[in-house]
**Student:** 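Below is the structure I would like to discuss, written out as structure tokens.
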Amino acid sequence: MNIEATKLELMHLLLQTQKESLLKKLQVVFEEEAGDWWNEISESEQKEIIKGLNDADNGDYIDNNSVMKRFD
């Protein structure tokens, strides 16, 4: 069975069920599968992002127009 057929079959099953417990279990599976990207990046990447956010909050950044002029 290809992925599109599987999706259609699952949609059909979802639409037919009245079991809230089953729907909640499926929701948990989707949430776990999605994951939190923050937890999937390295600690050094997290520190760089935090530093960048702090710099931006303190006004320490170069606006996009200035950067684009530099590369013209």
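Owing to the predicted nature of the structure, the values given are computational and were not obtained by experimental measurement.
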**Student:** Measuring from atom CG of Leu22 to atom NZ of Lys25, what distance do you get when rounded to the nearest 0.5 angstrom?
**Tutor:** 7.0 Å
**Student:** Please check if the number of heavy atoms outside Glu20 that lie under 6.0 Å from its CD is greater than 12.
**Tutor:** no
**Student:** Decide whether Trp37 and Ile50 are clustered together by the hydrophobic rule: side chain heavy atoms of Ile, Leu, Val, Met, Phe, Trp, Tyr closer than 4.5 Å, transitively.
**Tutor:** yes
**Student:** Does Ile3, at its CD1 atom, have more than 12 non-hydrogen atoms belonging to other residues, nucleotides or ligands within less than 6.0 Å?
**Tutor:** no
**Student:** With rounding to the nearest 0.5 Å, note down the distance linking NZ in Lys24 to CD in Gln27.
**Tutor:** 8.5 Å
**Student:** Got a second to check how far Leu23's CG is from Gln18's CD, nearest 0.5 Å?
**Tutor:** 8.5 Å
**Student:** With rounding to the nearest 0.5 Å, note down the distance linking OG1 in Thr17 to CG in Leu13.
**Tutor:** 8.5 Å
**Student:** From Met11 CE over to Leu15 CG, what is the distance, rounded to the nearest 0.5 angstrom?
**Tutor:** 8.0 Å
**Student:** Once you round to the nearest 0.5 Å, how far does CD of Gln46 lie from CG of Asn39?
**Tutor:** 7.0 Å
**Student:** Does Glu33 CD have over 12 foreign heavy atoms under 6.0 Å away?
**Tutor:** no
**Student:** Looking only at heavy atoms, which two atoms of Phe71 and Val67 are closest? And how far apart?
**Tutor:** CD1-O, 3.0 Å
**Student:** Ion pair present between Glu48 and Lys51, side-chain N to carboxylate O less than 4.0 angstrom?
**Tutor:** no
**Student:** Main chain of Asp60, side chain of Asn58: is a donor-acceptor contact present, judged purely on distance under 3.5 Å?
**Tutor:** no
**Student:** Hey, mind stepping through Leu26 and Leu10 against side-chain contact (heavy atoms from CB on, under 4.5 Å) and telling me if it holds?
**Tutor:** CA-CA 11 Å; Leu26 290 171; Leu10 288 171; over 6 Å; no
